[in-house]
Each structure stands twice: as structure tokens, then as C-alpha cells.
Amino acid sequence: MASSYLLTGSYSSEKEPGIKLWEFEDTTGELTELMGIAGIERPSFIAVHPNGTSFVAASEVGNGELVSYWIQPAARKIVEINRQSSNGDHPAHVTIDETGQWLLTVTYSGATVNVYPLHADGAIGELAASVKHEGSGPNLDRQDAAHPHSVIQVPGENLFLVSDLGTDTISTYKLDANTGTLTLKYKVKTEAGAGPRHLSFHPEKPLVYSLNEINSTLLVYKISQDGQLEFLQLLPLVPDSYTGENTSAEITVSSDGLFVYASNRGHDSIASFAVQENGTLENIGLTSSGGEGPRHFTLIPGNVWMVVANENSHTLVVLKIVGSGAPCAVENTIQTTAPVCVKVIK
């Protein structure tokens, strides 16, 4: 039987095994915990190296850290390599570029976008470059200052999009592959108070699907070869009839480019959309996330299964995706402390 390996991060204490290794059985949807590693506080977001032999986790605390690990899933081994300061409070997202030579991060409270070299053994080098975001938005509780929430590479390009929840902007930066320096190329504004958080690229078409956390909407953009975004569509992620509180969290495109999924915390659902020929989306419907506070999720290769990290119910939930493209049946539920990120090891 074929299986995949997964890593999860969490909002656990330093004394708990906050990073866990799992085996996922592709035929049955069974999820089995193999091991965990402690020694890092609130290891929220994880980036897996393209070669699959190392990864980096962000310790999302004030004056946070970035921690690199060597991993051998089949042997159930995870070994810490080294640590670096996150150059700002609450590092919320980490990305390793396609070459495996650079680590890019954002600090939510520090409002910095940072670049570090990655050595051949997976160790994180000294800070190579940093950009500081400034500004604010109309939501006084959430947008008192700039809050960059993610940095994600444009596939096949030395370009990175940074979603800033605090300033309602998505910025395109060019990375100098020799020095790590970032150069701002473009910046687009979302709706005021939208709160852009995460985004995902279509695997074949020049399209970007961007999730807004605060107003629970999804934006579709066309992206040029040099990283400029052009608005195509705006969609709600929760029904008009829903009157409770909600913050949207994660978005991803299926590897075949046919579907887009987004998670809602409060409504506790997965929104599903079908990709049309021109790249715009048609709403398929909403499915329960199988728990409370779905902060993150991932699709298992093959697009038959989705694993959801429900932070508030302390559960990982396996959802099966049916022919319509929507995740439906809850196949498996595992208890684990405050999971907030789930990644497939390539």
C-alpha cells in the first residue's frame, strides 16, 4: 500500500512534542503518528526543503526563532541542525525557494520580510537581507500596523508575493539569487479592511488565488511574467446568512488545477470552488472542517484526500474528496495539541 509522510506544527509549549511526523495511508486515509520532537515553543509554520531531507520551523513568539531540522521519515528520525533569530516578533510564515538555497520569512508583529542563506547541510545562515513594512488599515483591532502574513514564491521565477494583513496589500519582490537582496517591484491594494493572509498559484495558468482573513473573501488575480497582479474576481467565503464571527485562514489549488479550497475559522468549514476555463471560480459549496478553527490544511498528492489542522478542537481530520471536487466524508480524526500547519514531505 502506498503511503505519504506528513509534518505538523502546532501552538504547543517548548516541553511538548510540537512538531510531529505522521504516516498517511493513501488507500484508506489512515493517519498514524510516528514520532514528535520537543524543544521549540509554538512551532507554527513549516517549510520543507525541495530535497525532502530537511525542513525549517518558525517559533511564533516574541523575539522568535527559525529552527532547521534534518529528517529521515522512513527511519523516524528528526534532528535539530541550528537556529537563527527571526529578526522580528512572531514569525508567521517560512518559505524555502525552489533552488533550496534561500529561506524567506515574515514576522507578523515585527513587520519584516527576511532572507537567509541555506547551507548544503540544511543549516540556516546569518540574515542576508530584510525589508520593513509600514502602514495600517481601517480595522483598529487587527490593522494597527503592518502585519506581513506570508511570503510565497511565484513558480519558476525569482519573485515572491508578500500578503500584508495590516496594510491590505500584496507586494511583489524580486530576489537576487546571488546576494539574497529583495527589490520591490509592484504593490496592489485589496479592499480596505480585507486583511490578505495567504495565496496559492494555479499549476498551469498565470493565476493567483488570494485569501483575505478579516472579511472572509477570495480574490482571483491574473499574474504577469514579471509579477504584476491584475484583478479578475472577488468571492465571499461564508454565506450572507451567516452572522457569527469568522476569519479565513488557508487556501490551496489542487495539483490538477481543477479546484480551489479555502478554510473558515468560526464557520469551521472548507469552501470549495471549481476553476473555470478563464481562471475564475464557481462556488461548489461548503463542507464542515470536522473540527473547530481550521487554521491550515493540505491536499495529499492525488487530490483524493485533505488533511485539516483544526487548532481549537485539537484535531487533525482526514476528509475524502468526491468526484464533484468537494471534501465530504470525515474518514479519520486524530487528537493532537493545537495543530496549526500540516505539510507533505516531498
> Hey, do the aromatic rings of H198 and H149 have their centres closer than 6.0 Å?
Replying inline: yes
>> Can you pull out every side chain to side chain donor-acceptor pair (under 3.5 Å) where at least one residue sits in residues 315-326? Sequence neighbours excluded, please.
In response: S313-T315
> By ring pair (Phe, Tyr, Trp, His ring centres under 6.0 Å), which residues pair with F55, not counting sequence neighbours?
Replying inline: Y69
> How long is the gap from CD1 on I170 to NZ on K189, to the nearest 0.5 Å?
Replying inline: 11.0 Å
> Hey, mind stepping through D268 and S289 against side chain to side chain donor-acceptor pair (under 3.5 Å) and telling me if it holds?
Replying inline: CA-CA 6 Å; D268 293 336; S289 68; 5.0 Å; no
>> Is it the case that the ring center of H147 lies less than 6.0 angstrom away from the ring center of H90?
In response: no
> Does any pair with a residue in residues 325-346 pass ring pair (Phe, Tyr, Trp, His ring centres under 6.0 Å), and if so which ones, sequence neighbours excluded?
Replying inline: none
>> Could you walk me through whether S3 and D26 satisfy the side chain to side chain donor-acceptor pair (under 3.5 Å) test, starting with their C-alpha distance in whole Å, then the side-chain angles of each, then the deciding distance to 0.1 Å, before giving a yes or no?
In response: CA-CA 5 Å; S3 61; D26 297 346; over 6 Å; no
Which donor-acceptor pairs under 3.5 Å do side chains of residues 326-336 form with protein atoms, sequence neighbours excluded?
| from | atom 1 | to | atom 2 | distance (Å) |
| --- | --- | --- | --- | --- |
| Q335 | NE2 | H314 | O | 3.3 |
| T336 | OG1 | K20 | NZ | 2.9 |

>> salt bridge (charged side-chain N to carboxylate O under 4.0 Å, His left out) for R265 and E213? Distances and angles first, verdict last.
In response: CA-CA 9 Å; R265 298 170 295 180; E213 175 178 337; 3.3 Å; yes
>> By the definition side-chain contact (heavy atoms from CB on, under 4.5 Å), identify the one residue from L31, L316, V307 that meets it with T8.
In response: L316
> Does E277 pair with K205 as a salt bridge, N-O distance under 4.0 Å?
Replying inline: yes
>> Give me the atom names and distance for the closest heavy-atom approach of N114 to S130.
In response: OD1-OG, 2.7 Å
Under 3.5 Å, side-chain donor or acceptor atoms of residues 44-53 against the rest of the protein: list the pairs with distances, not counting sequence neighbours.
| from | atom 1 | to | atom 2 | distance (Å) |
| --- | --- | --- | --- | --- |
| S44 | OG | E60 | OE1 | 2.7 |
| H49 | ND1 | N51 | N | 3.1 |
| H49 | ND1 | N51 | OD1 | 3.0 |
| H49 | ND1 | N51 | ND2 | 3.3 |
| H49 | NE2 | G100 | O | 3.1 |
| N51 | OD1 | T53 | N | 2.9 |
| N51 | OD1 | T53 | OG1 | 2.8 |
| N51 | ND2 | T53 | OG1 | 3.3 |

> A129: what forms a side-chain contact (heavy atoms from CB on, under 4.5 Å) with it, not counting sequence neighbours?
Replying inline: V115
